[in-house]
2 protein chains.
Amino acid sequence: MPRENKSRYAVLGMLSVHSMSGYDIKKQIEKGIGNFWSEGYAQIYPILKQLEEEGLAICEVERQEGKPDRKVYTITETGRAVFMRWLTEPIGQYPMRIEVLLKLFFAHHADPAISIQHVKRFQQEMEKTFADYKAQEREGEALMKEGGERARYQRMAIRFGLYYSEALLAWCEETITELKRMEDRQGEAGCKRTLYSEISKSTE
Amino acid sequence: MPRENKSRYAVLGMLSVHSMSGYDIKKQIEKGIGNFWSEGYAQIYPILKQLEEEGLAICEVERQEGKPDRKVYTITETGRAVFMRWLTEPIGQYPMRIEVLLKLFFAHHADPAISIQHVKRFQQEMEKTFADYKAQEREGEALMKEGGERARYQRMAIRFGLYYSEALLAWCEETITELKRMEDRQGEAGCKRTLYSEISKSTE
DNA sequence: GAGAACATGTAAGCGGTTACATGATTAT
DNA sequence: ATAATCATGTAACCGCTTACATGTTCTC
């Protein structure tokens, strides 16, 4: 089976909540699911056009003063049906590609200091991610009290992010500690690491 | 800047460890970094050809009896230099696309039972991932005692997987519990969920 | 006899990113 | 002045997956 286009469903999903323009969709994706999903205009606009052609959404032009026209898209019943079909379909497993790990896997070729840099950068990213999710959690709590069903589901996605980023922050600390230990040991031995020299290690 | 081809570096990385054929590379990637990286033959073979053309690897044909010929590739010094440049370059952040979360985010349109299915499937995947990493950890311990520097780095990647999958397994349990609670509450109220009906909730 | 493992590739086509193109208004 | 926000799009290009193509040997 040919793999299906998930971007379509992200766009359709946004339209299932509110009618909006391509520009809005981008903003909403960034705000709502930006931590685990992203779409560019170069994806969104062609998809919207296509959805209209297929009768899954209709488009109305909204004139504005002092601002460009907006093309507001509304999901149709067919659109909702198609979206629901995707929503109920079982998920497929996604292949991951984690660049830090790829570099770490081959890092014995280089100085540990290089790896420390990589992991620290990843750590910064995770800290940002964690903070984002925390902020979203606080925001979400207000909505939860209003008794929104939707807020409950969104909270689950946020909790995912919290579990995820917290765990990986712990990994970063552990790993940086270990890398520093390796760096020290190397310093003691007076060995400088290059691609072609393998340091001889004394088994402690 | 145009984004660079990471698959090239995965292949080059494998060659930096041992000379091998495209077939071997596939196997080694699956075995060694399969949990966080994957490449298909349709990537590997053209890359190898290209690497040879660029002088980053050389190819020797090895004749075998009863088996097809093997084209064994060996990394050149230029190849190592190019690989090292990538290895020392800072990592870029990767955009994630997690399908479960996308579905969960819009799941208020559907019955909680659907979400339970999705999360359970994800849970199964994570259990497999966790078991894989655990097995790799045990294997790795043997190598660690031999005092391999490389084994230390590989262990860090494995630890990443353990932190990662353990955290997400915890999330799965929490989420399934919550979803079941929502399912029960819905059953009590006698409401059936469709796209167009919003259930009214009594604030407890 | 069927299927897995060994071994190397190509072609088609979608998916996704980057860069380009345009143009008005508002805030610093 | 300069940058940011609002707003919509296109073109080119690469990455990556899927499917196709071929042929032998060994195992069940």
Side-chain angles (χ1 to χ4, degrees), chain A residues 1-12 19-31 34 36-53 57 59-73 86 92-97 99 102, chain B residues 1-12 14 19-31 34 36-53 57 59-73 86 92-99 102:
Chain A
M1 61 192 122
R3 74 173 173 290
E4 98 264 66
N5 187 345
K6 288 171 208 156
S7 298
R8 278 172 64 104
Y9 297 106
V11 170
L12 222 38
S19 294
M20 51 182 125
S21 70
Y23 189 81
D24 294 336
I25 288 171
K26 179 87 196 293
K27 297 296 148 219
Q28 285 299 311
I29 286 177
E30 276 167 13
K31 194 188 137 209
F36 58 84
W37 206 269
S38 68
E39 299 292 346
Y41 290 126
Q43 289 277 103
I44 293 168
Y45 286 120
I47 284 172
L48 284 172
K49 202 177 177 182
Q50 208 185 309
L51 290 178
E52 202 193 0
E53 279 163 14
C59 173
E60 282 166 305
V61 179
E62 204 177 79
R63 228 134 270 171
Q64 293 183 124
E65 279 169 41
K67 284 181 190 173
D69 291 358
R70 300 174 75 225
K71 293 173 81 172
V72 178
Y73 289 84
W86 169 79
Q93 72 254 55
Y94 58 102
M96 290 200 296
R97 308 189 111 202
E99 211 185 343
L102 191 64
Chain B
M1 59 191 128
R3 74 174 173 291
E4 97 265 66
N5 187 344
K6 288 171 209 157
S7 298
R8 277 172 64 103
Y9 297 106
V11 170
L12 222 37
M14 284 299 158
S19 295
M20 50 182 127
S21 69
Y23 190 82
D24 293 337
I25 288 172
K26 178 87 197 293
K27 297 295 148 219
Q28 285 299 310
I29 285 177
E30 276 167 13
K31 193 187 136 208
F36 58 86
W37 206 269
S38 68
E39 300 292 346
Y41 289 126
Q43 289 277 103
I44 293 168
Y45 287 120
I47 285 171
L48 284 171
K49 202 177 177 181
Q50 207 185 310
L51 290 178
E52 201 193 1
E53 277 163 16
C59 172
E60 281 166 306
V61 179
E62 204 177 80
R63 228 136 269 171
Q64 294 183 126
E65 279 169 41
K67 284 180 188 175
D69 291 357
R70 300 175 73 225
K71 293 174 81 174
V72 178
Y73 289 85
W86 168 78
Q93 73 254 55
Y94 58 104
M96 289 200 297
R97 310 190 109 202
I98 303 168
E99 210 186 341
L102 191 65

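Values below: all heavy atoms of this structure, side chains included; hydrogens, waters and symmetry mates excluded. Predicted, not measured: the structure shown is a model, and the values here were computed from it. Chain letters run A, B, ... following the sequence lines, proteins first and then strands; every chain starts at 1.
Classification of B:Arg97 and A:Glu39 as a salt-bridged pair holds, one side-chain N sitting under 4.0 Å from a carboxylate O.
Within 6.0 Å of CD in B:Gln50 there are more than 12 heavy atoms belonging to other residues, nucleotides or ligands.
OP1 or OP2 of C:dG9 lies within a sub-4.0 Å distance of a side-chain N or O belonging to B:Lys71. For the pair A:Lys49 and D:dT10, the criterion of a side-chain N or O lying under 4.0 Å from OP1 or OP2 is met. The side chain of B:Gln64 places no N or O atom within less than 4.0 Å of a non-bridging phosphate oxygen (OP1 or OP2) of C:dC6. For the OP1/OP2 pair of D:dT8 and a distance below 4.0 Å, the side-chain nitrogens and oxygens of A:Tyr45 include at least one atom meeting the criterion.
Atoms CZ and SG, from B:Arg70 and B:Cys59 in turn, are 11.0 Å apart once rounded to the nearest 0.5 Å. Distance check: B:Tyr9 OH to A:Leu102 CG gives 11.5 Å after rounding to the nearest 0.5 Å. To the nearest 0.5 Å, the span separating CD on A:Glu4 from CH2 on A:Trp86 amounts to 8.5 Å. Separation of atoms CG (A:Leu12) and CG (A:Leu48) is listed at 9.5 Å; rounding is to 0.5 Å.
Look at CD1 on B:Ile47: it is 13 Å from P on C:dT10, rounded to the nearest Å. Between the C1' atom of D:dC6 and the CZ atom of A:Arg70 lies a distance of 10 Å, rounded to the nearest Å. In this structure, the CE atom of B:Met20 is 15 Å from the P atom of C:dC6, given to the nearest Å. Rounded to an integer number of Å, the gap from B:Glu30 CD to C:dC6 P is 11 Å. At whole-Å resolution of the value, OH in B:Tyr41 and C1' in C:dA7 are 8 Å apart. The separation between A:Glu52 atom CD and D:dG9 atom C1' is 15 Å, rounded to whole Å. As rounded to whole Å, 14 Å separates atom C1' of C:dC14 from atom OH of A:Tyr9. Remark: P of D:dT8 and CD1 of A:Ile44 are 10 Å apart, rounded to the nearest angstrom.
Comparing A:Asp69 and A:Pro46, the nucleotide of DNA chain D nearest to each residue sits closer to the 5' end for A:Asp69.
Checking C:dA5, D:dT8, D:dT10 against every side-chain atom of B:Tyr23, the shortest atom distance belongs to C:dA5.
In this structure the side chain of A:Lys27 never reaches within 4.5 angstrom of the side chain of A:Met20, judged on heavy atoms.
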Atom pairs under 3.5 Å: protein N/O with N/O of nucleotides 15-17 of chain D:
from: D:dG15; atom 1: OP1; to: B:Asn5; atom 2: N; distance (Å): 3.4
from: D:dG15; atom 1: OP2; to: B:Asn5; atom 2: ND2; distance (Å): 3.4
from: D:dC16; atom 1: OP1; to: A:Arg97; atom 2: NH1; distance (Å): 2.3
from: D:dC16; atom 1: OP2; to: A:Arg97; atom 2: NH1; distance (Å): 3.4
from: D:dC16; atom 1: OP2; to: B:Ser7; atom 2: OG; distance (Å): 2.8
from: D:dC16; atom 1: OP2; to: B:Gln43; atom 2: NE2; distance (Å): 3.3
from: D:dT17; atom 1: O4'; to: A:Arg3; atom 2: NH1; distance (Å): 3.4

Measure all distances between protein nitrogen or oxygen atoms and nitrogen or oxygen atoms of nucleotides 22-26 of chain D, and list the pairs falling under 3.5 Å.
none

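Remark: B:Lys71 pairs with no residue by the salt bridge (charged side-chain N to carboxylate O under 4.0 Å, His left out) rule, at least two apart or across chains.
A cation-pi contact, defined as under 6.0 Å to the ring centre and within 45° of the axis, is absent between B:Lys49 and B:Tyr45.
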